[in-house]
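Below is one structure, written out as structure tokens; the observations come after it.
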Amino acid sequence: MLSVRSRMKQIKVRFAPSPTGPLHIGGARSALFNYLFARKQRGKMLLRIEDTDLERSSPEFEREIIDSLSWLGINWDEGIDVGGDNGPYRQTERLDTYQRYVDQLLRSGHAYHCFCTEEELARERQALLEKGEIVAYSGKCRHLDPEERQRKLRQGLVPTVRFKVVSGQEVVVNDLVRGTVTFNSSEIGDFIIVKSDGIPTYNFAVVVDDHEMGVTHVIRAEEHLSNTPRQLLIYQTLGFEIPEFAHISLILGKDRQKMSKRHGATSIMQYRESGYLPEAVFNFLALLGWSPEGEQEILGRDEIVKQFSLSRVAKNPAVFDLDKLNWLNAQHIKRKAIMELGEMLKPYLKSSPFWHSVEQMDQATYEVLIEAVRDRIVRLVDVVKEVEPFFIRPQYEADTLDRLEQPEVRGMLQGLLEHLPDELDLEEARSFMKGLPKALQLPAKQVYMPIRLALTGSPQGPELPYLLVVMGVPEVRRRITGLI
RNA sequence: GGCCCCAUGGUCAAGUGGUUAAGACACCGCCCUUUCACGGCGGUAACUGGGGUUCGAAUCCCCAUGGGGUCACCA
């Protein structure tokens with residue numbers, strides 16, 4: 001159902017990461033839901049960089065985040081890298097804009113300078129926490145007289161700017177996924193909107209930017225829900241139109257705690273590197289907190305966009321399940337065309353010890369190799385171990401050797417060598433193997449497993465015809481001759 | 001601790017007052033198969049508890065419990 005607003009006005013959402021680390025699972029999911037909503041509603045998506053934490057922000061992380069998003073197939077219409085009419089899109093480049101609004105708030109008495117030191121504040125906070133009282137700023141500098149203020153400034157003290165919060169008022173967040181959430185301003189206390197380094201804080205900058213950039217829907221993680229009343233207060237006193245909010249639940253680790261580094265791979269790049277397909281990660285993330293109407297869960301990007309709706313977004317947090325990601329990834333791999341998959345696998349093979357052999361193959365043989373492993377790999381990186389039996393001369397276990405040394409096995413292998421043509425394509429290899437027991441006048445059981453053992457040293461692995469074709473008849477002969 | 005959010009199998013989840021409470025992953029079994037894998041079929045397994053409301057609650061309300069988030073000159 002469309003709200004009146006979205007019928008009248010094109011919707012605009014944003015993803016606004018801090019470049020203080022790589023893009024992680026949770027951030028990617030927030031970006032994804034924004035993207036899905038924008039595309040489904042035929043609205044716009046913008047990307048803004050919130051780099052007001054000078055200490056921890058870096059251009060490298062910014063780059064990595066952008067690359068991660070692009071890799072996932074999430075793109076945007078406005079913002080970093082693509083430009084637009086509401087730039088700049090990096091908060092540290094928008095300081096003059098914030099300053100204008102800070103001046104306005106200072107002039108109208110809605111904000112004031114605060115000279116409290118961090119140590120002082122930490123002490124007060126600690127005391128309040130211990131007494132079990134509401135942890136909020138005391139308002140000590142709220143009524144500093146102008147002379148006192150001037151004196152402190154002359155002393156060289158650098159103030160922060162605090163936003164004046166009138167206590168005792170109800171602040172209502174109207175949330176698209178959570179409904180009506182009510183807070184009381186008494187629990188908030190005057191909060192800092194400009195740090196002593198002159199840089200605005202998140203709660204202030206986000207409001208100014210979302211307003212200036214025309215954002216209509218703020219879709220973000222639930223951890224921001226308790227920040228929302230602060231932001232609402234700013235919207236109100238600055239007279240900005242309030243956007244729609246949608247706070248999506250968090251992604252938790254196996255221990256039900258918020259996902260963090262100690263839960264293993266949490267950055268999108270790590271998944272990319274170990275060979276997860278972007279469409280699989282996209283699919284998986286979409287299924288975490290959202291569900292399609294039908295029963296089909298293996299979905300492409302377009303299909304997910306087509307079906308997406310905020311009304312089907314769950315309120316409860318979701319535990320990240322690697323098993324399911326793995327399954328989805330295998331499913332998406334299985335659906336790849338041989339040629340395309342072959343190209344995707346090359347980087348992994350290049351860094352394997354077998355690249356030399358792979359490189360020498362003709363295209364047809366390479367495709368047989370890919371076909372042989374396609375249904376066997378969960379991540380692209382698995383190709384390296386799956387491909388091993390084709391290229392590594394087997395190291396036979398003692399009992400395997402015992403078995404291969406049985407006279408009847410040696411006889412069978414001898415027979416195989418006699419019947420083996422000099423060249424085979426996959427079809428020929430299949431019918432050759434199929435006809436072999438009859439040609440040797442032996443039961444299938446006594447034929448196939450010994451051959452497998454002779455060729456690979458292992459009782460399990462790819463189908464024999466694949467082995468024959470990819471190894472090539474000369475190599476097959478060499479391995480068997482070595483045994484008899 | 002205050003405030004806020006959440007609560008269906010181990011996990012993801014469907015479900016919006018009347019269902020034998022879907023489906024998927026994982027797990028187990030069977031089948032397919034020259035092995036493993038893939039695939040097919042089947043199985044184990046859930047409404048946190050207690051009060052209401054109602055002819056009737058997984059669905060609505062309250063309380064309890066549990067889990068999570070947040071209380072920064074981080075975002």
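Every chain is numbered from 1 and lettered A, B, ... according to where its sequence line falls, protein lines coming before strand lines. The analysis underlying the following values was restricted to heavy atoms, covering all of them including side chains, and did not include hydrogens, waters or symmetry mates.
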Could you state the atom-to-atom distance from [atom1] of [X] to [atom2] of [N] in whole Å?
X	N	atom1	atom2	value
D382(A)	rC38(B)	CG	P	12 Å
K315(A)	rU8(B)	NZ	C1'	15 Å
L328(A)	rA13(B)	CG	P	13 Å
K254(A)	rC12(B)	NZ	C1'	10 Å
M259(A)	rC12(B)	CE	P	12 Å

So, OP1 or OP2 of [N]: does either fall under 4.0 Å of a side-chain N or O from [X]?
X	N	result
K334(A)	rA37(B)	no
S291(A)	rA14(B)	yes
R125(A)	rA72(B)	yes

Would you say the side-chain atoms of [X] and [Y] include a donor-acceptor pair closer than 3.5 Å?
X	Y	value
S186(A)	N184(A)	yes
S309(A)	S311(A)	yes
Y98(A)	D209(A)	yes
Q331(A)	R335(A)	yes

Scan [X] against the nucleic acid and name what it touches under 4.0 Å (heavy atoms): base, sugar-phosphate only, or nothing.
X	result
K258(A)	sugar-phosphate
C114(A)	nothing
L129(A)	base
S458(A)	nothing
N326(A)	nothing
F183(A)	sugar-phosphate
S249(A)	nothing
E50(A)	sugar-phosphate
G294(A)	nothing
R374(A)	nothing
Q331(A)	sugar-phosphate
H247(A)	nothing
S196(A)	base

Checking contacts here: which listed nucleotide ([options]) is nearest the side-chain heavy atoms of [X]?
X	options	value
D53(A)	rA75(B), rC4(B), rC6(B)	rA75(B)
E223(A)	rG69(B), rC73(B), rC25(B)	rG69(B)
E297(A)	rA14(B), rC73(B), rA24(B)	rA24(B)
V135(A)	rC6(B), rC73(B), rG1(B)	rG1(B)
D321(A)	rA75(B), rC25(B), rG15(B)	rC25(B)
N316(A)	rU8(B), rA24(B), rA75(B)	rU8(B)

Think R312(A) forms a cation-pi with F308(A), using NZ or CZ under 6.0 Å from the six-ring centre and within 45 degrees of its axis? no
When you compare the side chain of T228(A) with that of R220(A), does any pair of heavy atoms fall below 4.5 Å? yes
Find out whether D323(A) and W327(A) are in side-chain contact, i.e. whether some heavy atom of one side chain is under 4.5 Å from a heavy atom of the other. no
Looking only at atom [atom1], what distance separates [N] and [M], rounded to whole Å?
N	M	atom1	result
rG1(B)	rG42(B)	P	49 Å
rG15(B)	rG40(B)	P	25 Å
rA26(B)	rC12(B)	P	15 Å
rA7(B)	rA13(B)	P	11 Å
rG49(B)	rU65(B)	C1'	7 Å
rA75(B)	rC38(B)	C1'	45 Å
rG43(B)	rG23(B)	C1'	16 Å
rG52(B)	rU44(B)	P	34 Å

Side chain [X] and base [N] donor-acceptor under 3.5 Å:
X	N	value
S226(A)	rC4(B)	no
N227(A)	rA75(B)	yes
E133(A)	rG1(B)	no

Which distance, rounded to the nearest 0.5 Å, do you find between the NZ of K195(A) and the OG1 of T52(A)?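 These two atoms lie 4.5 Å from each other.
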Pairing pattern in dot-bracket form [Watson-Crick, G-U; both distances under 3.5 Å; | = partner strand] for RNA chain B: ((((((((.[[[..)..(....]]].(((((.......)))))....[[[[[..)....]]]]])))))))....
Please compare W290(A) and D255(A) by the position of their nearest nucleotide in RNA chain B and report the one closer to 5'.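 Mapping each residue to its closest nucleotide by heavy atoms, the 5'-most match is W290(A).
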Residue mapping more 5' on RNA chain B - nearest nucleotide basis, R178(A) or Y202(A):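 The 5'-side residue here is R178(A).
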Could you tell me whether R63(A) and E60(A) have a side-chain N and a carboxylate O separated by less than 4.0 Å? no
Answer yes when E279(A) and K336(A) have at least one side-chain N-carboxylate O distance shorter than 4.0 Å, and no when they do not.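 Salt bridge flag = yes for K336(A) with E279(A).
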Between F320(A) and F284(A) (judged by ring centroids, cut-off 6.0 Å), do the two rings come close enough to count as a pair? yes
When the ring planes of F240(A) and Y235(A) are compared, do they come out parallel, tilted or perpendicular, using 30° and 60° as the limits?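 F240(A) vs Y235(A) ring planes: perpendicular.
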Taking the inter-plane angle between the rings of H113(A) and F115(A) on a 0 to 90° scale, is it parallel (under 30°), tilted (30 to 60°) or perpendicular (over 60°)?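 Plane angle between 30° and 60°, so tilted.
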Along nucleotides 30-35 of chain B, 5' to 3', which nucleotides get a B, which get an S, and which get a -, given that the test is a protein heavy-atom distance under 4.0 Å? ----BB
